[in-house]
Number of protein chains: 2
Amino acid sequence: MPADESPVQTKKAKATIYDIAQQAGVNPSTVSRALSNPGRVSPRTRRLVEITAEVLNFKANHSAQALQTGSTRMLGLLVSDITNPNFFGILREAGRVATQQQYSVVLGNAAESAATELSAARRLIKTVDGLILVSPRMSENNLQLLAATKKVVAINREVSGIDCVVPDPDRGVSQAVRFLAGNGHQKIVFAAGPEMSWMSARRWDAVSDACEWCHVTAERIESTSPTIDGGRKLARTIKASGATAVITHNDLMAIGLMHELQGAGMAVPEAISIVGFDDIFGADFTTPSLSSIRSPLGECGSLAAGLILNSFAGTPQEPKSVMVDTELVIRGSAGPARSAP
Amino acid sequence: MPADESPVQTKKAKATIYDIAQQAGVNPSTVSRALSNPGRVSPRTRRLVEITAEVLNFKANHSAQALQTGSTRMLGLLVSDITNPNFFGILREAGRVATQQQYSVVLGNAAESAATELSAARRLIKTVDGLILVSPRMSENNLQLLAATKKVVAINREVSGIDCVVPDPDRGVSQAVRFLAGNGHQKIVFAAGPEMSWMSARRWDAVSDACEWCHVTAERIESTSPTIDGGRKLARTIKASGATAVITHNDLMAIGLMHELQGAGMAVPEAISIVGFDDIFGADFTTPSLSSIRSPLGECGSLAAGLILNSFAGTPQEPKSVMVDTELVIRGSAGPARSAP
DNA sequence: ATGAAAGCGCTAACAG
DNA sequence: CTGTTAGCGCTTTCAT
């Protein structure tokens, strides 16, 4: 007995469709059809091929398929900062939708840098069929250039010419401002996010508008970074501002701010009310638990993935902006103004 | 002037190395060399090729490269449950290390199911050069079968024949048990994780051993799921057990348990001390803030990625288990036993 | 229903 | 240093 009979478990034994073809006594093209186009081959040969493939422990070579078909069955997901728990929901739901259609998700991290983001996007887009950009910081022009190559969907930012899914802050913000105004607050401070963040600008607009409508003063202050620590660093300024309520660009900042304020002896919400943005995981762990304007991030993720996947199937669509509604989640960190009767 | 002169921005104009070769008046193979093997080509042609590539807006076809070279420059990362914030650190650090070497990370989610996990792993492994399995639930045999195909590293589980990086609970647990025993606790309950979880078993062993050493009683109770809600459901049983201290399989369970216990009027840590596992994001948001045995997950991620990447470079190594140390993080949720003087 | 043959875009010997 | 020549493993006309 020859020693080189194909052992089922050889560490490097890569079986190809040619091996199957030979073993089964058919043509390679038949094997291909049997495996990926069942129905275009007789039931009998089909079984034969399937069994032989099984025996040979055949795994289709993804690169070869991709080269031939032009599709890698992969979606890219590029987040602006992977340490932001925000993105969990997006990741999970986008992944779920992708998996349903036998797609995989390749992750990229921009680490809060527009330059890193761009290079990561360029690297990613070569290997995927479509790309989801979460809170992209790059220029509109670069965004559109990318979109000219492959299908691109942006989350948390609106850009003409490309598909977007963005939470509309208006509803949640107006709920929050009405709540605060109704509780006697006269002045609301908005702690802004990164200067380049489109979403931060959008949120400030919403706050500003809602305040005007409710006849309360709105003031915007800048931050150093949209993190817990960035929030902490705002405490002094905010205390000095004399505002009795603050809305932050995100929950991380709100949590840092709240801790720092409490550390300085200010009671929340008695002395100052705090409302965050995004309702991240852990927002309800704090004391008092954090009120927040929730963006349905999971929905954004599944919508974005769906948009891409559908674009492969159906007829080409005009780029569109999908708006999803935000919603105020009231918890313990917001309440009556201290000067209220 | 002919209308079909290659427009730099045509939506579907995919330039190949042949286009570059023709345009630059050199051979395709020279283009290939110039682009991916600079140094094996004259500086002059190199520049010529690079410029032409730029002008033609050339993007190398990843699938073709992968087919030829046998390497996709992608790493798979399969987590047992993507909703678990635990895995953030792993993801981030593994991604960082991968990116350094021009690798991308493809994410997979097992959604806590061994079956889903296996099929996800099988799908992933076809498209990546190496696979990181985080807290895998599949059988040892399946694990080894996968490892026979491509380089595989497991995190949070030890299996003979494959590379592993696992946090060793002993150090952190013994710190925790000594702390609790020193504070007068006579009986410690361990709230176990999923039955199939290798790590849960490992942690229980550590607790059991440490308790014996410290002459305190250890009791293990089962849980329904390793989540906040799973923790909540344990409250009744744990209260009934009469234990004054509990160590949970993870922080999520600890947080759920703590909330439920507090809701039932038990003060933490006065009536009962709680110690979690993993020190997840948000562990310090609770009131009292959660004590936890921290696993250096980020380090696990970078180590795992490093193990894989190095295996491509150097000479083949024997599979090895890398142990990383855990550490007790004492916060407000653990203190003196209520019966202590 | 199946076989034959032609590539997909790139890299890698091997010559020269 | 550069051109020639084969493929990598698969899908897909086009015949039969």
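What you see is a predicted model; the values in this text were computed from it and never measured. So you know, we letter chains A, B, ... as the sequences are listed, proteins then strands, and number each from 1.
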Tell me the interatomic distance from [X], atom [atom1], to [N], atom [atom2], rounded to whole angstroms.
{"X": "A/Gln22", "N": "D/dC10", "atom1": "CD", "atom2": "P", "result": "14 Å"}
{"X": "B/Arg73", "N": "C/dT11", "atom1": "CZ", "atom2": "C1'", "result": "14 Å"}
{"X": "B/Leu48", "N": "D/dC1", "atom1": "CG", "atom2": "C1'", "result": "14 Å"}
{"X": "B/Asn37", "N": "C/dC10", "atom1": "CG", "atom2": "P", "result": "15 Å"}
{"X": "A/Arg44", "N": "C/dA1", "atom1": "CZ", "atom2": "P", "result": "14 Å"}
{"X": "B/Asp19", "N": "C/dC8", "atom1": "CG", "atom2": "P", "result": "11 Å"}

Query raised in the report: Partners of B/Arg157 by salt bridge (Lys or Arg N to Asp or Glu O under 4.0 Å), sequence neighbours excluded?
Result: none

Query - Test item: B/Glu158 side-chain N/O and B/Ser321 main-chain N/O as donor-acceptor pair under 3.5 Å - result: no

**Report entry** Any donor-acceptor N/O pair, B/Lys126 side chain to A/His62 backbone, under 3.5 Å
**Finding:** no

Query raised in the report: What is the per-nucleotide protein-contact pattern of nucleotides 2-9 of chain D, from the 5' end, where B denotes a base atom under 4.0 Å from a protein heavy atom, S denotes such proximity for sugar-phosphate atoms only, and - denotes neither?
Result: BBB--BBB

Query raised in the report: How about B/Ile82 and A/Phe88: do any of their side-chain heavy atoms sit closer than 4.5 Å?
Result: yes

Query raised in the report: Distance only, no hydrogens: is a donor on one side chain within 3.5 Å (strictly under) of an acceptor on the other, for A/Ser29 and A/Asn27?
Result: yes

Report task. Mind grabbing the angle between the end helix axes of the helix from C/dA1-D/dT16 to C/dG16-D/dC1? Five pairs an end, 10° rounding. Result -> 30°

Query raised in the report: Pick from A/Gln317, A/Lys151, A/Lys320: which one makes a side-chain hydrogen bond (donor to acceptor under 3.5 Å, both in side chains) with A/Asp163?
Result: A/Lys151

Query raised in the report: What's the shortest heavy-atom distance between A/Ala121 and A/Met138, and which atoms?
Result: CB-CE, 4.0 Å

Query raised in the report: Can you name the nearest heavy-atom pair linking A/Gln101 to A/Arg73, along with the distance?
Result: O-NH2, 2.9 Å

Query raised in the report: Does the pair A/Leu91 and B/Leu91 meet the rule for a side chain to side chain contact (heavy atoms under 4.5 Å, CB included), with working shown?
Result: CA-CA 12 Å; A/Leu91 194 52; B/Leu91 194 51; 4.1 Å; yes

Report task. Considering just the side-chain nitrogens and oxygens of B/Ser32, establish if one lies under 4.0 Å of OP1 or OP2 belonging to C/dT11. Result -> yes

Query raised in the report: Can a side chain N or O of B/Ser36 be found less than 4.0 Å away from OP1 or OP2 on C/dT11?
Result: yes

